[in-house]
Asker: 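Quick one: the structure is below, and I'll ask about it shortly.
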Amino acid sequence: MSVTRDNDPVAYTLRLAVCVTAAIAVHLLAVFSSSQEEEAKAEQQRIAVVLKETMTKVKEEMEKLLQEAQAEPPPPEPEPEPEEPEPEEPEPQQAEPPPPEPPPPAPTAPEPMPEAPQDLALADADVSVLELEPPPRPRRPEPLPQVEPVLEPPKPEPPKPEPPKPEPPKPEPPKPEPPKPEPVRPEPRPEPVRQPPPPEPVRPEPRPEPVRQPPPPEPVRPEPRPEPVRQPPPPPEPVRTPAPPVPPEIGSETVAQRDARLHQTMRELSDFNEFATTSRDEVKGKIPAILFTNEDEAEWMALIAYFDLLPIAYAKSDPSYYVTIDVARRQMNHTRDFEFLQQRYGRNGMLVRQLGTMPQFVAAARAIMAQFSIAPHDLTIQFLLPRPFAAYLNWKALKTCHELRLDPATVKACRGRLVREGTKWVWRVDDLLLEDGRTTRVGRGG
């Protein structure tokens with residue numbers, strides 16, 4: 001059988017290929033299991049080159065062997081040799097049977113080969129051992145027995161030595177406690193040197209008492225100067241009020257022009273903003289009469305100019321006409337145009353009892369009585385008020401009654417002065433005349 005195996009080229013080729021493949025696999029396994037990546041890559045490249053060259057040589061040898069095998073006739077089979085009878089040997093004495101041999105170790109499965117990296121040149125090799133096909137065998141009367149290749153099991157890798165376990169840190173020996181410093185003993189204070197007692201002082205001899213001189217005469221004190229007489233402070237400068245404007249001629253303005261001028265003047269009242277923002281519902285019932293207590297004729301001339309008061313005169317016995325009085329221009333006009341009064345002024349007028357002390361109004365009254373033949377006891381002079389200004393005076397009178405908790409129906413008239421203080425006009429209600437004849441004083445804030 002050994003002769004047959006050596007003469008069979010196919011078996012020889014297969015054995016050679018299997019051995020080369022096993023050697024390459026073992027070598028690749030050893031290289032790929034290396035832990036050093038850089039050396040493994042260099043080794044893989046070198047192995048790939050060597051493998052390619054080896055496979056090329058194996059391919060060439062296999063082609064040569066196949067050609068020779070096809071060219072040579074198959075060798076004749078040797079005749080079987082006759083078997084010679086073996087001489088019988090005497091039976092040996094029965095000895096103790098040898099101990100059974102231990103069973104062979106179970107073949108370990110070969111470890112799977114790791115995949116070759118992409119950069120190996122094996123992928124581009126021209127020859128692959130697994131892809132080789134055996135050449136067609138010549139027909140023989142009897143097929144040759146197949147020889148199973150015996151693969152050597154891969155050598156088990158030696159166990160990697162376990163890394164040495166780090167020794168636990170040794171406990172540090174306890175540090176010796178530093179010696180406690182000995183307390184510093186205070187140095188003994190030296191005893192003070194006792195000084196000898198000082199010698200007794202020598203008492204001085206008593207000095208003779210000095211002769212007392214008479215006291216000097218007191219200096220003559222100057223007479224006190226009289227204190228300068230303090231002059232009183234100068235009086236404060238009076239507040240200069242602008243001169244009242246000259247009122248326009250009676251009837252020279254339209255109602256709209258007169259109302260615009262009057263509204264501008266009423267904004268100078270001290271409490272006009274409160275009056276403008278207060279709801280004024282229609283007053284039902286009696287409203288107290290308004291009486292100005294101003295006695296200065298200049299103040300009345302200013303009221304006429306600023307608030308468009310109209311003084312008129314008429315005869316009680318004949319109220320079918322009236323006379324308008326222009327005091328600034330000293331003009332009197334006799335008219336029966338009552339529609340003019342209804343458009344511009346309220347129905348109720350204000351009687352002024354102190355006109356007899358005002359020279360200009362006295363002169364106007366005498367002229368009216370002489371010109372229109374009106375007797376003194378029949379003459380009546382009163383001031384008509386514009387409706388917006390009359391509404392303000394009524395609001396102020398009702399507000400004063402409410403502040404004093406009085407019913408307006410029990411109040412006959414509100415008396416007070418309407419004067420200018422600085423840039424504002426102020427009507428200060430002084431007292432209220434009640435229907436029963438009493439008088440109620442109003443505080444300064446009224």
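Computed from a predicted structure; not experimentally measured.
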Asker: Around atom CZ of Arg329, are there more than 12 heavy atoms of other residues, nucleotides or ligands at under 6.0 Å?
Answerer: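 Buried by this count: over 12 neighbours within 6.0 Å.
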
Asker: Between Glu274 and Lys399, is there a side-chain N and carboxylate O pair less than 4.0 Å apart?
Answerer: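 A salt bridge is present here (some side-chain N lies under 4.0 Å from a carboxylate O).
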
Asker: Does NZ or CZ of Arg261 come closer than 6.0 Å to the centre of the six-membered ring of Tyr306, within 45° of the ring's axis?
Answerer: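 No - Arg261 does not lie over the ring of Tyr306 by the 6.0 Å and 45° rule.
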
Asker: What are the two closest heavy atoms between Pro388 and Met266, and how far apart are they?
Answerer: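 Between these two residues, the closest heavy atoms are O-CE, 3.6 Å.
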
Asker: Dump the intermediate steps for side-chain contact (heavy atoms from CB on, under 4.5 Å) on Leu310 and Leu341, then the final yes or no.
Answerer: CA-CA 10 Å; Leu310 178 62; Leu341 300 180; 3.8 Å; yes

Asker: Can you tell if the side chain of Trp395 reaches within under 4.5 Å of the side chain of Thr278, non-hydrogen atoms only?
Answerer: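 Heavy-atom side-chain distance check passes, below 4.5 Å.
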
Asker: To the nearest 0.5 Å, tell me how far Lys59 NZ sits from Glu61 CD.
Answerer: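 Lys59 atom NZ to Glu61 atom CD measures 13.5 Å (nearest 0.5 Å).
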
Asker: Determine yes or no for a side-chain-to-main-chain donor-acceptor pair under 3.5 angstrom, with Ser252 supplying the side chain and Pro248 the backbone.
Answerer: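 No; judged by distance alone, with no hydrogens or angles, the pair does not exist.
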
Asker: About how many Å separate CG of Leu269 and CG of Asp271, when rounded to the nearest 0.5 Å?
Answerer: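 Going from the CG atom of Asp271 to the CG atom of Leu269 covers 6.5 Å.
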
Asker: Among Val429, Leu406, Thr440, find the one that has a side chain to side chain contact (heavy atoms under 4.5 Å, CB included) with Thr400.
Answerer: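 So the option named by the test is Val429.
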
Asker: Give the intermediate values and the outcome of side-chain contact (heavy atoms from CB on, under 4.5 Å) for residues Trp425 and Phe307.
Answerer: CA-CA 11 Å; Trp425 287 92; Phe307 297 102; 3.9 Å; yes

Asker: Please identify which of these residues, Trp300, Tyr345, Phe389, meets the ring-ring contact (aromatic ring centres under 6.0 Å, His included) condition with Phe383.
Answerer: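 By the ring-ring contact (aromatic ring centres under 6.0 Å, His included) criterion, Phe383 pairs with just one of Trp300, Tyr345, Phe389: Trp300.
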
Asker: Can you tell me how far CG of Asn333 sits from CG of Asp326, rounded to the nearest 0.5 angstrom?
Answerer: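 Reported value, rounded in 0.5 Å steps: 10.0 Å.
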
Asker: Is there side-chain contact between Val323 and Ile312, with at least one heavy-atom pair below 4.5 Å?
Answerer: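 A side-chain contact under 4.5 Å is absent here.
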
Asker: If only atom types and distance count, is the side chain of Asn294 paired as donor or acceptor with the main-chain N or O of Asp296 below 3.5 Å?
Answerer: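 Not a single qualifying donor-acceptor pair exists.
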
Asker: Walk me through whether Val327 and Met301 qualify under side-chain contact (heavy atoms from CB on, under 4.5 Å).
Answerer: CA-CA 8 Å; Val327 182; Met301 297 297 292; 3.7 Å; yes

Asker: With side chains defined as the heavy atoms from C-beta onward, is the minimum distance between Gln382 and Leu384 less than 4.5 Å?
Answerer: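 Yes; the side chains approach each other to less than 4.5 Å.
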
Asker: Using a strict 4.0 Å threshold on nitrogen-to-oxygen distance, state whether Arg417 and Glu299 make a salt bridge.
Answerer: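 Salt bridge flag = yes for Glu299 with Arg417.
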
Asker: Is Val426 close to Leu418 at the side-chain level, that is, under 4.5 Å between some pair of heavy atoms?
Answerer: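 The answer is no; the side chains never approach within 4.5 Å.
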
Asker: Can you tell me if NZ on Lys64 sees more than 12 non-hydrogen neighbours from other groups inside 6.0 Å?
Answerer: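 Counting other residues, nucleotides and ligands, NZ of Lys64 stays at 12 neighbours or fewer.
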
Asker: Which heavy atom in Cys414 sits nearest to a heavy atom in Pro288, and how many Å separate them?
Answerer: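 Looking at all heavy atoms of both residues, the closest pair is SG-CB, 4.0 Å.
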
Asker: Just so I know, are the side chains of Asn394 and Ile290 near enough to count as touching, which here means a heavy-atom distance under 4.5 Å?
Answerer: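 In contact.
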
Asker: Identify whether the distance between the nearest side-chain nitrogen and carboxylate oxygen of Asp430 and Arg415 falls below 4.0 Å.
Answerer: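 Not counted as a salt bridge, because no side-chain N and carboxylate O are separated by less than 4.0 Å.
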
Asker: Are the side chains of Asp337 and Tyr322 in contact, using a 4.5 Å heavy-atom criterion?
Answerer: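 SC-SC contact between Tyr322 and Asp337 confirmed.
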
Asker: Just do the side-chain contact (heavy atoms from CB on, under 4.5 Å) check on Asp259 and Arg387 with the steps written out, would you?
Answerer: CA-CA 10 Å; Asp259 290 345; Arg387 288 190 178 90; over 6 Å; no

Asker: Side chain of Lys396, backbone of Trp427: donor and acceptor closer than 3.5 Å?
Answerer: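 Confirmed, Lys396 side chain pairs with Trp427 backbone.
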
Asker: Okay, side chain of Glu295, backbone of Gln354: is any donor-acceptor separation there less than 3.5 Å?
Answerer: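 No, Glu295 side chain to Gln354 backbone: no donor-acceptor pair under 3.5 Å.
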
Asker: Quick check on Arg353: does its CZ atom have over 12 non-hydrogen neighbours (other residues, nucleotides or ligands) under 6.0 Å away?
Answerer: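 Open.
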
Asker: Any non-hydrogen side-chain atom of Leu393 less than 4.5 Å from a side-chain atom of Leu385?
Answerer: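 Yes; the side chains approach each other to less than 4.5 Å.
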
Asker: Is the count of non-hydrogen atoms from other residues, nucleotides or ligands lying under 6.0 Å from Arg267 atom CZ greater than 12?
Answerer: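 No, CZ of Arg267 has 12 or fewer neighbouring heavy atoms, counting only those of other groups under 6.0 Å.
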
Asker: In the structure I gave you, are the side-chain heavy atoms of Leu432 and Val442 within less than 4.5 Å of one another anywhere?
Answerer: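 They are in side-chain contact.
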
Asker: Are Asp308 and Arg344 close enough for a salt bridge, meaning some N to O gap below 4.0 Å?
Answerer: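 So Asp308 does not pair with Arg344 through a salt bridge.
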
Asker: Working to the nearest 0.5 Å, report the span between CD of Gln360 and CD1 of Ile325.
Answerer: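 It is 12.0 Å, given to the nearest 0.5 Å.
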
Asker: When rounded to the nearest 0.5 angstrom, what distance separates CG in Leu433 from OG1 in Thr410?
Answerer: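 If we round to the nearest 0.5 Å, Leu433:CG and Thr410:OG1 are 12.0 Å apart.
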
Asker: As an exercise, state the distance from CG of Leu303 to CG of Leu309, rounded to the nearest 0.5 Å.
Answerer: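 Taking CG in Leu303 and CG in Leu309, the distance rounds to 6.0 Å.
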
Asker: Taking the basic N atoms (NZ, or NE/NH1/NH2) and the acidic carboxylate oxygens, is any pair closer than 4.0 Å for Glu421 and Arg428?
Answerer: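 A salt bridge is present here (some side-chain N lies under 4.0 Å from a carboxylate O).
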
